[in-house]
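Throughout, a chain's letter reflects where its sequence line sits, starting with A, and its residues are numbered from 1.
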Amino acid sequence: MPELPDVDGFRRYFARYAAGHHVAAVEVADRDLVRNTDPQGLARRLVGRRFSTPRRHGKWLIAPTGGPELLLHFGMTGLLVYSARDLEPHRHDRVTLVLAEGRLRYRNMRRLGGIWVAGSPAEREAATGPLGPDALEIEANEFVQLLERRRGGIKSALMDQRLVAGLGNLLSDEILWRARIHPRRPVARLRRDRLERIHDAMRQVLRAANRHRRVPPIAGWLTGARNAQDPRCPRCGSRLRRATVAGRTAAWCPRCQRR
DNA sequence: TTGCATGTTCCGGA
DNA sequence: GTCCGGAACATGCA
């Protein structure tokens, strides 16, 4: 699931159910998903703490407590599930935050991603690795400046979390489709006005996707067309192309997005 | 059984 | 130093 809009949904979900609440206990069903400490260490650092307002940077959810921060990454299949009562856990519930009023579960089928605790910005950066500015926050000028130094293809640049944080495979394709730029287009051959157009498309796509808490697979979106039996461009009706670009399956319209 | 899936990381090579 | 592709990680589904 998770790209930026999904994680932003989790941020709001966390804010609703966990912010302002004290941690009574932490239950770890899969200790491998607690990445930089063990279950005892996680409990020792969190129990008794109270979560304040969470924030998001790229695909990371950061939950401060006044003491250490809890860092969550959702990989490709992670999500949060709250329940007021102690229901039977789902088989993919890896870590449960037991709050005084209910339980917030970190569920993750494929076990990519995980949970970290950080007591300082240095510890946080050790977990997240270098991250560029958040894709929803970055202004056009800075976006253009970052890309102007970049070689290689545009799709690979958009997906690089060190450059801009938050974009994954579906979002990158959606943005490039909306901006009418071929995913393999070398960044060096994109003029400033084209980069600005990509930035604009990025903002529009992210704002709309955030309202859906996902990249919506609906009419008028590439994501709503790319997995059809006979995938067609929602704008011009051309047959969509599929190929591996920057290590992932890209979808684009050969008519709207010329090389 | 095989290929593919919205994540990141690491390695080798250009 | 940059960038890319491929493999690895892990699990389930078509």
Side-chain angles (χ1 to χ4, degrees), chain A residues 1-11 29-36 56-61 71-80 90-95 106-116 124-132 134-136 146-177 182-190 202 205-206 208-210 212-218 221-229 231 240 242-252:
Chain A
M1 291 199 205
E3 293 188 68
L4 188 153
D6 309 83
V7 180
D8 212 56
F10 301 149
R11 177 185 64 77
D30 184 347
R31 58 187 301 148
D32 290 352
L33 275 275
V34 180
R35 299 290 187 180
N36 69 343
R56 179 191 57 72
H57 186 173
K59 301 172 195 172
W60 287 86
L61 181 60
L71 312 176
L72 302 98
H73 196 287
F74 297 90
M76 287 171 75
T77 56
L79 70 161
L80 293 175
H90 187 278
R91 59 193 291 230
H92 298 139
D93 289 341
R94 311 296 180 180
V95 176
Y106 172 81
R107 187 173 296 175
N108 191 330
M109 179 184 80
R110 281 173 61 189
R111 303 174 73 228
L112 302 169
I115 283 181
W116 287 252
R124 189 207 318 137
E125 283 154 26
T128 66
L131 293 177
D134 186 78
L136 202 50
L146 286 175
L147 281 165
E148 276 173 348
R149 294 185 226 127
R150 181 87 182 192
R151 287 179 284 161
I154 182 64
K155 174 160 178 175
S156 130
L158 291 180
M159 288 199 303
D160 187 343
Q161 304 300 300
R162 295 169 300 182
L163 199 76
V164 173
L167 308 180
N169 190 40
L170 293 184
L171 277 175
S172 302
D173 282 358
E174 196 71 50
I175 290 162
L176 292 171
W177 174 74
H182 193 288
R184 287 205 177 96
R185 188 77 180 274
V187 179
R189 283 180 33 217
L190 288 165
M202 180 172 79
V205 165
L206 289 176
N210 260 5
H212 294 264
R213 298 181 166 80
R214 63 190 299 193
V215 188
I218 57 177
W221 286 61
L222 181 69
T223 304
R226 62 185 294 160
N227 293 322
Q229 307 84 330
L240 295 177
R242 287 175 80 86
T244 299
V245 177
R248 316 217 47 105
T249 302
W252 72 93

Protein-to-nucleotide contact annotation, 5' to 3' order, nucleotides 9-14 of chain C [B base; S sugar-phosphate only; - none; under 4.0 Å, heavy atom]: BBBS--
Letter per nucleotide, 5' to 3', of nucleotides 1-7 of chain C [B base touched, S only sugar-phosphate touched, - untouched; heavy atoms, 4.0 Å]: BSSSS--
Side chain to side chain contact (heavy atoms under 4.5 Å, CB included) between A:L80 and A:F74, worked out: CA-CA 9 Å; A:L80 293 175; A:F74 297 90; 3.9 Å; yes
Chi angles and distances behind the side chain to side chain contact (heavy atoms under 4.5 Å, CB included) call for A:L79, A:F10: CA-CA 7 Å; A:L79 70 161; A:F10 301 149; 3.8 Å; yes
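A:N210 has its side chain within reach of A:L136: a pair of non-hydrogen atoms, C-beta onward, lies under 4.5 Å apart. Annotation: side chain of A:V164 is not in contact with side chain of A:L147 (no heavy-atom distance under 4.5 Å). Side-chain contact between A:L206 and A:D8: absent, with no pair of heavy atoms (C-beta onward) separated by less than 4.5 Å. Side-chain atoms of A:I115 and A:R94, non-hydrogen and from C-beta on, never get closer than 4.5 Å to each other. A heavy-atom distance below 4.5 Å is not found between the side chains of A:V245 and A:R248. Put simply, the side chain of A:P2 does not reach to within 4.5 Å of the side chain of A:K59, judged on heavy atoms. Residues A:T128 and A:W116 have side chains not in contact (no heavy-atom distance under 4.5 Å, counting atoms from C-beta outward).
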Sort me out a list of protein N/O and nucleotides 8-11 of chain B N/O pairs below 3.5 Å, or just none if empty.
residue : atom : partner : partner atom : Å
B:dT8   : OP1  : A:K59   : NZ           : 3.4
B:dT8   : OP2  : A:K59   : NZ           : 3.3

Atom pairs under 3.5 Å, N or O on each side, protein against nucleotides 12-14 of chain B: can you list them with distances?
none

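Nucleotides C:dG1 and B:dT8, compared at atom P, are 23 Å apart to the nearest Å.
For the pairing with A:L158, the side chain to side chain contact (heavy atoms under 4.5 Å, CB included) check across A:N169, A:L176, A:L171 returns one residue only, A:L176.
No donor-acceptor distance shorter than 3.5 angstrom exists from the side chain of A:R31 to the backbone of A:L33, with no hydrogens or angles considered. A:E3 contributes no side-chain N or O that, together with a main-chain N or O of A:G58, makes up a donor-acceptor pair within less than 3.5 Å.
Remark: DNA chain B takes part in the stems B:2-5 with C:11-14, B:7-14 with C:2-9, each of 3 or more antiparallel Watson-Crick or G-U pairs, criterion distances under 3.5 Å.
The CG atom of A:D173 sits 14 Å away from the C1' atom of B:dA5 (whole-angstrom rounding).
Scanning for ring pair (Phe, Tyr, Trp, His ring centres under 6.0 Å) contacts around A:W221 gives an empty result, with sequence neighbours left out.
A:D93 CG to A:Y106 OH: the interatomic distance, rounded to the nearest 0.5 Å, is 11.5 Å. Note that the CZ atom of A:R110 and the NE2 atom of A:H92 stand 11.5 Å from one another [nearest 0.5 Å].
Residue A:R226 has no polar side-chain atom (N or O) positioned under 4.0 Å from OP1 or OP2 of B:dC4.
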